[in-house]
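So the structure is just underneath, and the comments pick up after that.
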Amino acid sequence: MASRVTTESPVHAASGGVGPAAGHAGSATVPALRRRPSGLALALPALVLLLAFFALPVVLFLARSVTEPQPGFQNYAALFGGPTYLRILLNTFIVGGVVTAVTALLAFPVAWALAIMPPRWSALLFGIIVLSMWTNLLARTYAWMVLLQQTGVINRMLQALGIIDEPLRLVNNLVGVTIGMVYIMLPFMILPLTGVIRKIDPMILQAASLCGATRGQAFRRILLPLAAPGLAAGGLMVFVMSLGYFVTPALLGGTSNMMMGQLVAQQVQSLTNWGLGAAAAFVLLAVTLLLYAMQIRLLGRPEGMR
Amino acid sequence: MIPPFLHINGLRKTYGPVVATEHVELSIKEGEFMTFLGPSGSGKSTTLYILAGFQDPDTGDIRLRGRSILGVPSHKRNIGMVFQRYTLFPHLSVGENVAFPLRVRRLPQAEITRKVRRALELVRLGGFEERKPASLSGGQQQRVALARALVYDPPVLLMDEPLSALDKKLREEIQYEIRRIHRETGVTILYVTHDQEEALRLSDRIAIFNAGRIEQVGTGAELYTSPATHFVADFIGDSSFLDGTIAAVEGRCADLRLGDGTLARRIPLHAPGRPGQRAELMLRPERIELSPDPGPDGASLPVLVQDVTFLGNITDVVALTAWNAPVTVRLGFMHPLSGRLTRGDRLWIRWAAETVHAFPRD
């Protein structure tokens, strides 16, 4: 089918170049030539693969939330009925929110720097950021544990400098989870944000300055609104990924701020309670889809997903 | 003595080893329309950016009403500017774009509404308040930019080739609008362009920039009738230049020996020259006469018609001298020879001594 397309296009191109008469003759046959194969047949093997090995298992897993231990909505009733699980649900959103906010705050200046740097330097910085993404997640998280623990490098250094007397509690709490997750999430915020900021003409900011805007006013009234689609795309990505995160909260978080991902793992792995685990997973999926729908509604489809 | 309204004094700016602009010296009167005209890279935009505060000069000063503005950051200079590219804020409506300078100045809402309406009416875009910039044509966008730059009544308006992205017809239309707005507001305008026709059409005075320096400042007529340098003569109006040697100097005039031995008599000199020095004779195409007969001795040359181009109201004739130097002659539609010339015709060019110039070579 692909070969059909390539043989057609020269014919079409030639008909335009010959002259007005030839152009007319060509245009009569255009509707037939223009009709493109839908490509469904080409995509079919991939679709079958996706359905069989991706969609189907997810559906089967999620179905367990209403079939185990017996048919009904008792798993959802348990999830939303008692304070224990609601607390975990709430905590998941708090961590996701804090991580997203801190990531956005740190990513913005980096994305701005990447956008205005000379191309050679920004390519280097880009490389470093991407390289960090390729480093093993577990290794990075353990590294943070070493740095942040009571007798870790950071606490020792601050004590040696006399800045603190008692070691700070940096792990097994929200602080540890936030630091560890922000570090992992940063690239996912920086990349879309850089793309959006690059498209802003620097002249627009100069114009704002001549109009009388201070740097702060230009940032708030011009740069931030123009970068909003990037912030929204990155923010959604980071928030959604944070909601289901398991490794970092498990290693750097405390028992008092357990997240949904941990709950699913605990229910399925330790307690073999597939029903409740599947229900928790479904809640996460539903929230994600809802947020995505809201973003499309508010800002249109994010870049690259058109 | 009252200091000039705007005074640019000995400005110099370098980028590493490259001198962008130097020795820029200029006084501008209040309400004047001054154009910086020159080819790209001649330093005209650099000078404008220094005025806007986007760049700092290495040396020199700019004084507005006697006060230096160099220490004042862009956002406090209170200068208006229209840019080459469209710089409207894409996320704000037309009304909010124009209101922006007033909002950052924290003016009361009622005053903002009133001033925005007045500014949009000035650029003939009343009723466009709710539109988004993307829904406007290029010409309309630049008019909104003009309203945004004028809404806070700046003492000086800078315009950096604001029409270069527009097509010719639209450009002329907006040139007319800019003239009207200048007349109605009385704002002092500094306008940068590389288009000599645009400069002549708009300006009270023109500063010709070349290689980082100002070559000459004057009204369009002054630059046309008495260009100070070869560059100005070449840049304003089309000119032909013929090589020659100074045969004799008499006061500020000289006799020039041309390539075929013809003596061109009593040609005004543009710089001191001495006998024996090489010099160029400048001929304006519309000020020389084409005729079947030779003129008075010392003010004509035999030529061979090389090319005839009919341009509607005028006809351009390229003719070669005896030593194969091209001279362009422009004939009006009513000229007796118009429409009757062909390549290979042998004719004479004739000039009046006061309409030609000689530029001695270094």
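This one's a predicted model, so the numbers in the text were calculated from it and none came from an experiment. Just so we're on the same page: letters track the sequence lines, and every chain starts at 1.
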Atom group of A:Arg215 that falls short of 4.5 Å from chain B, counting heavy atoms
neither
Is the backbone N or O of A:Cys211 less than 3.5 Å from a side-chain atom of B:Arg105, with the two atoms forming a donor-acceptor pair by type?
yes
Counting only heavy atoms from other residues, nucleotides and ligands, does the tally under 6.0 Å from CZ of B:Arg117 exceed 12?
no
Where does B:Arg85 contact chain A at under 4.5 Å (heavy atoms): side chain, backbone, both or neither?
side chain
Take atom CE in A:Met117; do more than 12 heavy atoms of anything else shown fall under 6.0 Å from it?
yes
Under a 4.5 Å heavy-atom cut-off, does chain A meet the side chain of B:Leu102, its backbone, both or neither?
neither
Flag the pair A:Gln217 / B:His75 as yes when at least one side-chain heavy-atom distance between them is below 4.5 Å, and no otherwise.
no
Among the options B:Gly53, B:Ser74, B:Ala149, B:Ala145, pick out the one with the most heavy-atom pairs lying under 4.5 Å from chain A.
B:Ser74
Neighbour count above 12 (heavy atom, 6.0 Å) for B:Gln109 CD
yes
Could you look at A:Ala218 and say if it's the side chain, the backbone, both or neither that has a heavy atom under 4.5 Å from chain B?
neither
Check whether any side-chain heavy atom of B:Phe100 sits under 4.5 Å from a side-chain heavy atom of A:Ile222, and report yes or no.
yes
So A:Ile204 and B:Pro90, do their side chains get closer than 4.5 Å, heavy atoms only?
yes
Atom CG of A:Leu210 and atom CE of B:Met81: how far apart are they, to the nearest 0.5 Å?
6.5 Å
Hey, which of B:Phe83, B:Tyr152, B:Phe54 has the most heavy atom pairs under 4.5 Å with chain A?
B:Phe54
